[in-house]
2 protein chains.
Amino acid sequence: MITMRDVAKKAGVSVATVSRVLNNKSVKLKTVEHVEKVMKELNYHPNQIARSLSKKNTKTIALIIPSINNPFFPELASAIENIAHAFGYKVFLFNTDSSKEKLTNYIDSLGSSFVDGVIMDSHMLEEEDLDKLTQMEIPIVKIDRSNFKDEFTSISVNNKLGGQVATKHLLDVGCKRIGHLKGTDEEITAIHRLWGYRSVLKEFDWFDQSWIAPGNYSVEGGYLGMKELLIRKPEIDGVFAANDLSAIGAMKAIYEWNRKVPDEIAIVGFDGISMARYMVPSLTTIEQPISKMGELAMKELIQLIENPGKKIESFELDIRLRLQESTLR
Amino acid sequence: MITMRDVAKKAGVSVATVSRVLNNKSVKLKTVEHVEKVMKELNYHPNQIARSLSKKNTKTIALIIPSINNPFFPELASAIENIAHAFGYKVFLFNTDSSKEKLTNYIDSLGSSFVDGVIMDSHMLEEEDLDKLTQMEIPIVKIDRSNFKDEFTSISVNNKLGGQVATKHLLDVGCKRIGHLKGTDEEITAIHRLWGYRSVLKEFDWFDQSWIAPGNYSVEGGYLGMKELLIRKPEIDGVFAANDLSAIGAMKAIYEWNRKVPDEIAIVGFDGISMARYMVPSLTTIEQPISKMGELAMKELIQLIENPGKKIESFELDIRLRLQESTLR
DNA sequence: ACATACTAAGTAATCGGTTACATCGTTGTG
DNA sequence: CACAACGATGTAACCGATTACTTAGTATGT
């Protein structure tokens, strides 16, 4: 491996000068040119690890997400990676696969100062984990699920409001019996969406818990949950699925049950993943500004990293109803 | 920041001993316990960067993919990340967004020895890039698109065969006029799939280039390309789309055109992304063993990294026809 | 009892950069 | 003309670990 000393020796200057050339510090133009020529000749690449060690930064962040099967996360990751790249940061992909063990594992590793910051999107965080993270004194931005106190900058949307908008919309298009495919029980987003749904329907006398089935935030879950609802509630004519994936599963179940979307059963999802537009029929959904969330998260994290005075903030971005065929009637 | 010296001082031993405790080298049990206790007390975490500098490895790999919107890549990334994690490796996500500039940028950065290896899935590699990569002497595994000579270990499937299987299947279910939504012109996989399609149909006298429309490997592209075909070839009754995304777009176009899948037009995709199963109707597709490809790639890369004697190999995995409703008639 | 082998631990060099401080030559000012 | 100020460069310490080499102490064998 070619090192700075090799370059210095061949160029007849000191290592300090080579370093200065690399970092655009004051060096005579002629020297710069000469040293750069030597670097080319030797095909020299500065060692990022050594640089990180003395500079005490790595220009690297960790992105912790619970799953990669839900397109929401790739879309988010894409936005994050884009901004990161634009600002010279690299992104570690830590996929916890909804496994607590893997999450703990990753969190523990963060203490080893190989990342400058963390974007965390996980519902499985417990007090213990948060304590660890706080102790590490590493900048953190939480996305999507701000279930804990305001120790970290967080980016989220109003999930309860989203649930309300979705449910009201189903009422607006004439649905009389509206079911819900809820997300996982641990996720705060899922709980809030459920609350939104319930808050709109609680005054109706037909409404009770039996209109709620598990959807598990997954296609398979939505599919199974919808089958359950179809059996239990043949009169169902509207569904609010806690996310787009489960809505897609639900549509599949409805189709197999030989019922028509939207005429017999209208359906609303949540997230606004791009695939929702291309379903047949296209899926009405509560759209989160996914890219904007990713961009904001990354930009905030960079702020946190690069100017230590930066304060913790909470951002709540707007959702909107993206009207499509699945509720068009 | 707490360092090894702090631990050493407090424990009354030398830094070497602390290091040995960390690396399970021969140390008296009593000393180990004592040092570990001190580490706990000080909340000491070894600095990964310093460790990497002296060990000359980073337990990190770079995954370079062209896009994150096509679910194929998240599914691949997921498999890779899983194996990586199991073997103690971390994964950098480099998404080139089909931008040559970003790719070059990332490739150049790889010289700085901050990764032990690279998994590369990009069709945009040019001679120049390959030269750079070869010079860096960094272990590389290429996935999916082995368009260049055998300088690197590569994992792929037989795309031409896939195109043939898909097209023959459409003939088998009774299609008389079969169009193709091709992928991007630069991607070798797309070219091979097209070849497969053409090789099956070239003997038919109705067949010519005008049955091929651009699909661009994207939903939008498939949608637009299908519209084009529907206008140009009203008699079309079968479509082989170069990937699942474009097939999904095509189904949307067909639906809007008020034609029925599969009865009036049958359609086959390529890739076997999990979403294909949940389309309405579900999408028949040429299934690549995506997870297996990712796992194999990562395992091979680890081999390459950890035992330098390891030879370059080419793996061609099997594809299979995944029969679903979109060709069921 | 003494040479030999082995274990546990310490000393200091090293990985490849950055940077505080020192040095030297040049230019500017009264 | 003498001295201050500044710009370009060199020297060497440092970032936080690992590890080759060395040494002290203990166990084994004859």
Side-chain angles (χ1 to χ4, degrees), chain A residues 1-36 38-39 42-60 88 109-116 136-138, chain B residues 1-39 42-60 88 90 109-116 136-138:
Chain A
M1 152 152 284
I2 310 293
T3 75
M4 244 176 52
R5 330 250 162 196
D6 300 322
V7 175
K9 184 177 289 178
K10 176 147 188 206
V13 298
S14 73
V15 288
T17 299
V18 177
S19 174
R20 288 190 191 104
V21 170
L22 283 174
N23 294 283
N24 303 313
K25 302 260 173 72
S26 71
V27 182
K28 224 196 320 180
L29 182 60
K30 207 166 162 187
T31 318
V32 173
E33 285 168 352
H34 178 226
V35 171
E36 284 179 342
V38 173
M39 287 178 181
L42 294 177
N43 189 29
Y44 166 73
H45 291 270
N47 182 313
Q48 185 58 47
I49 298 296
R51 185 174 267 184
S52 291
L53 181 59
S54 68
K55 286 240 193 126
K56 291 169 173 304
N57 71 34
T58 59
K59 286 284 186 175
T60 289
S109 79
L110 293 176
S112 321
S113 42
F114 65 99
V115 290
D116 297 344
M136 289 175 189
E137 297 189 1
I138 194 174
Chain B
M1 152 152 286
I2 310 293
T3 74
M4 246 176 52
R5 332 251 157 198
D6 300 322
V7 175
K9 183 176 289 178
K10 178 148 189 208
V13 298
S14 74
V15 287
T17 299
V18 178
S19 174
R20 288 190 190 102
V21 171
L22 283 174
N23 295 282
N24 303 313
K25 302 258 173 73
S26 70
V27 183
K28 225 197 318 184
L29 182 59
K30 207 166 161 185
T31 316
V32 173
E33 285 168 352
H34 178 225
V35 171
E36 283 179 342
K37 186 163 142 269
V38 173
M39 288 180 180
L42 293 177
N43 190 29
Y44 166 73
H45 292 271
N47 182 313
Q48 186 58 48
I49 298 296
R51 184 174 268 186
S52 291
L53 182 59
S54 69
K55 286 235 192 130
K56 291 171 174 303
N57 71 34
T58 59
K59 286 284 186 176
T60 289
K90 301 180 288 294
S109 79
L110 294 176
S112 321
S113 41
F114 63 99
V115 289
D116 296 345
M136 290 173 188
E137 296 188 3
I138 194 173

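Numbers restart at 1 for each chain; the letters A, B, ... are given by sequence-line order, proteins then strands. Side-chain atoms are counted along with the backbone in the values below, which use heavy atoms only and exclude waters and symmetry mates.
Here the CG-NE2 distance, from B/L29 to B/H34, works out to 13.5 Å after rounding to the nearest 0.5 Å. To the nearest 0.5 Å, the span separating OG on A/S112 from CD1 on A/I138 amounts to 9.5 Å. The NZ atom of A/K56 sits 11.0 Å away from the CD1 atom of B/I49 when rounded to the nearest 0.5 Å. Atom OG1 in B/T3 sits 14.0 Å away from atom NE2 in B/H45 (nearest 0.5 Å). We find the CD-CG distance between B/Q48 and B/L53 to be 11.5 Å, quoted to the nearest 0.5 Å.
Taking the ring centre of A/F114 as origin, the terminal cationic atom of B/K90 falls inside the region bounded by 6.0 Å and 45° from the ring axis.
Atom-to-atom, CZ of B/R20 to C1' of D/dT18 comes out at 10 Å; the value is rounded to the nearest Å. Rounded to whole Å, atom P of D/dG16 lies 9 Å from atom CG of B/D6. D/dT19 atom C1' lies 14 Å from atom CG of B/L22, rounded to whole Å.
Formation of a donor-acceptor pair under 3.5 Å by the A/S19 side chain with backbone atoms of A/V15 is not found in this model.
Closest of all the heavy-atom pairs between A/T31 and A/V13 is CG2-CG1, 4.2 Å.
For residues 15-34 of chain A, there are no salt bridge (Lys or Arg N to Asp or Glu O under 4.0 Å) pairs, not counting sequence neighbours.
Residues of residues 43-58 of chain A having a heavy atom closer than 4.0 Å to DNA chain D, listed by number: A/L53, A/S54, A/K56. Residues from residues 9-18 of chain B that place a heavy atom under 4.0 Å from any atom of DNA chain D, listed by number: B/A16. Within residues 23-34 of chain A, the residues approaching DNA chain D are A/S26, A/V27, A/K28, A/T31, by heavy-atom distance under 4.0 Å.
Listed by chain and number, the residues in a side-chain hydrogen bond (donor to acceptor under 3.5 Å, both in side chains) with A/T58 are A/D116 (sequence neighbours excluded).
OP1 or OP2 of D/dT18 has at least one side-chain nitrogen or oxygen of B/S19 nearer than 4.0 Å.
Shown are B/V38, B/V7, B/V35; of these, the side-chain contact (heavy atoms from CB on, under 4.5 Å) with B/Y44 is made only by B/V7.
If one axis is set at each end of the helix from C/dA1-D/dT30 to C/dG30-D/dC1 from five pairs, those axes are 40° apart, to 10°.
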